[in-house]
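In what follows, a single structure is set out as structure tokens and then discussed.
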Protein chains: 2
Amino acid sequence: MRAWQANIRTVTPYVPGEQPKGEHLVKLNTNENPYPPSPFVKNAMDEMDYDKFRKYPDPASAVLTKALCEYYRMEEDEIFVGVGSDDVIAMSFLTFFNSQKPVLFPEVSYSFYKVWAELFRIPYETPALDENFLIHTEDYYRENGGIIFPNPNAPTGVFMPLSEVEDIIAHNQDSVVIVDEAYIDFGGESAAGLIKKYENLLVVQTFSKSRSMAGMRIGYAMGNKDLIRALNDVKYSYNSYTMNMPSQILGAEAVKDDSYFKETIEKIITTREKAKKRLSELGFTFPDSMANFIFASHREKKAEDIYLALREKQIFVRYFKQPGLDNHLRITIGTDEEMEKLYDFLEKFLSS
Amino acid sequence: MRAWQANIRTVTPYVPGEQPKGEHLVKLNTNENPYPPSPFVKNAMDEMDYDKFRKYPDPASAVLTKALCEYYRMEEDEIFVGVGSDDVIAMSFLTFFNSQKPVLFPEVSYSFYKVWAELFRIPYETPALDENFLIHTEDYYRENGGIIFPNPNAPTGVFMPLSEVEDIIAHNQDSVVIVDEAYIDFGGESAAGLIKKYENLLVVQTFSKSRSMAGMRIGYAMGNKDLIRALNDVKYSYNSYTMNMPSQILGAEAVKDDSYFKETIEKIITTREKAKKRLSELGFTFPDSMANFIFASHREKKAEDIYLALREKQIFVRYFKQPGLDNHLRITIGTDEEMEKLYDFLEKFLSS
């Protein structure tokens, strides 16, 4: 080993989810929205002045923040925007979990929480879910340096009722509690309404799922102005220009088109409810999902075998080869047409 | 103070450079390119399929990496792309400067080096420049945990000849040496050609200045494949999807249009050389600049007074209120027309 190599940080490289390419494949593996973004986004893109690319983007992303504030009827100092909710949450770990006490998050939840805690050397503990993949609120009634959980949870899709979310927040007024609502728009009830009541609450959402804009990298956090100021201070202290100009403009347009948004969500929910019925009939069991995916296990066939067989037919779902999760498939809700291809194949495969 | 506030990281918030808005102002304060990006960028934007926004962007930014590799005749595993060179350099600090020995960078240089060192708790030392704003290579011949310097330097615009850059790299083969070439295209000679010779060399460049795409946030690093792999490992370990889809596609297009690129650079260099002559005639002195800005001091009038008077006339230049720099103005090279407005006003103001 060369001397300079000794100073290199060694990490366990994460392998991003498969992004297969091709015309006829059915991609139900990364929880993307099967519908395009709002036509408002297309119009704004068509009108965008490329000459403006030569200038630095607005570091405060004011156009986007303003659109979100109008949508949620919040003040501009109550919303922080970042380059995807990954960026927002990583920055929140850095900003709010700066103590020696362990941060708490569910053992089964978004896999990056652990990564960020380790990156920033934040101690953490991970209470287990019960056998039905439920979070028990009382596991979060102990001393901690902060709390974060997804609601609905990932990769289970299970939604925790708002009363239980509030229990956790109310029991932890000495810590910042972050509710990661990446999938909230698919039928859950957001905790955003509790922000005025609890000053220790931060609610994080994203444009990647319900707003069909994963490719643009837009996420945001809502909270009282002290929390938002702290996030902005940390952000500006080390990188002022993070969100590029098209994301700011196109993100704002997406927010303005509420009827398209609602219509798209409605279609996905309808397809999901149909999927629950069809997958049950095909012999799958799953916790009830309020997200745009279903975390399903088959009564007879091994998840890995189904995953590989589907893959062979260019139908991609997500399979996690980890203890506790390795007999489940996370199936993203696609269009009705895509889902029919899935059912058709499963029908044949499972009866063979 | 509430208990949760005790866990909040406290930082010195950075105040981003002024971004004044208006039709008739002359903006020479943030080293942006006065010309639009290549028409290739506009064409690609016009043809972009907004439906694809719904999918996650390619985490490897392959389209962009490939375009850069073809341009520089490098291999794809020798280039790393990030969200602006700020992102690339911050990630490089995290990846390569992971030791207890001090990292070295010039006392007068890019102000964020200090910020990232502090953020990641990396010790650092900052050798002073001489009275002519020159870096002395021998200041970098001592034990260290890594070296970084901009070439040309900022905010001075001084270019260090490649032979001296090579001296520093050759004397420090036990450390990673990062040459930050944000302004290299305006007449300097890049160290990229030394990458095959020195495996400890990382060269960082950006689309924000010479390629007129500050608004898109694109930067990149070139180095031997071990360095690039280490950067990618660190990046993937905590955030896989950072660069959005339009930046990847439009960035690649910008690289393909080399004749437009050269033409734009040529115009800026011509304007800069004219500016040197005009500013000298107006009583300014400055180190010879190879960047798209001039760091000028007036023989009689105080820099701050000139700055304020210009500002009053909607002509914005950059003024740093810090010891050692506070009698200089950093003047970005704009179009000839913008520069004429500057000279006209200075002529009147300085003779009054």
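Order of the sequence lines sets the chain letters (A, B, ...), proteins ahead of strands, with each chain counted from 1.
- Residues A:Tyr50 and B:Ser38 share a closest heavy-atom pair of CE1-O, 3.5 Å.
- In terms of heavy atoms, B:Met45 sits closest to A:Met48 at CE-O, 3.3 Å.
- Heavy-atom distances place the side chain of A:Lys209, and not its backbone, under 4.5 Å from chain B.
- With a 4.5 Å cut-off on non-hydrogen atoms, A:Leu250 touches chain B through its side chain but not through its backbone.
- Between A:Tyr238 and B:Trp116, the shortest heavy-atom contact is O-NE1, 2.8 Å.
- No other option in A:Glu199, A:Met243, A:Arg211 has as many heavy-atom pairs under 4.5 Å with chain B as A:Glu199.
- For a residue to count as touching a neighbouring chain, one of its non-hydrogen atoms must lie under 4.5 Å from one of that chain's; by this rule A:Glu118 does not touch chain B.
- Among A:Gly84, A:Ala3, A:Ser247, A:Gly145, the residue making the largest number of heavy-atom pairs under 4.5 Å with chain B is A:Ala3.
- Side-chain N/O atoms of B:Asn244 and A:Asn244 include a donor and acceptor closer than 3.5 Å.
- No donor-acceptor pair closer than 3.5 Å links the side chain of A:Arg54 to the backbone N or O of B:Met213.
- Atom NZ of B:Lys267 has more than 12 heavy atoms from other residues, nucleotides or ligands within 6.0 Å.
- Between A:Asp46 atom CG and B:Asp46 atom CG the span is 7.5 Å, to the nearest 0.5 Å.
- Here A:Gln100 contributes atom CD and B:Asn7 contributes atom CG; the two are 9.5 Å apart, rounded to the nearest 0.5 Å.
- The choice from B:Val83, B:Asp58, B:Asn200 that makes the most heavy-atom pairs within less than 4.5 Å of chain A is B:Asn200.
- For the residue pair B:Ser237 and A:Val115, the shortest heavy atom distance occurs at O-CG1, 2.6 Å.
- At least one side-chain heavy atom of B:Phe53 sits less than 4.5 Å from a side-chain heavy atom of A:Val41.
- Contacts between A:Phe97 and chain B at a heavy-atom distance below 4.5 Å involve the backbone alone (N, CA, C, O).
- When heavy atoms are compared at a cutoff of 4.5 Å, B:Gln5 approaches chain A solely by way of its side chain, counted from C-beta outward.
- Pairing each heavy atom of B:Ala214 with each of A:Pro57, the nearest pair is O-CD, 3.4 Å.
- Heavy atoms of A:Tyr35 lying under 4.5 Å from chain B belong exclusively to its backbone.
- Note: A:Lys42 NZ to B:Asp51 CG = 10.5 Å, rounded to the nearest 0.5 Å.
- In this structure, chain B has heavy atoms under 4.5 Å from both the backbone and the side chain of A:Asn239.
- Other residues, nucleotides and ligands place no more than 12 heavy atoms under 6.0 Å from the CZ atom of A:Arg2.
- By number of non-hydrogen pairs under 4.5 angstrom with chain A, the leading residue of B:Lys101, B:Lys55, B:Gln248 is B:Lys55.
- With chain B as partner, the option from A:Ser99, A:Pro246, A:Pro37 having the largest number of non-hydrogen pairs under 4.5 angstrom is A:Pro37.
- Heavy atoms of A:Thr95 lying under 4.5 Å from chain B belong to its backbone as well as its side chain.
- Contact check for B:Thr242 versus A:Arg217: no side-chain heavy atoms found under the 4.5 Å cut-off.
- A:Phe120 contributes atom CZ, which lies 7.5 Å from atom CZ of B:Phe120 (distance to the nearest 0.5 angstrom).
- Looking at A:Leu119, the atoms closer than 4.5 Å to chain B (heavy atoms on both sides) all sit in the side chain, from C-beta outward.
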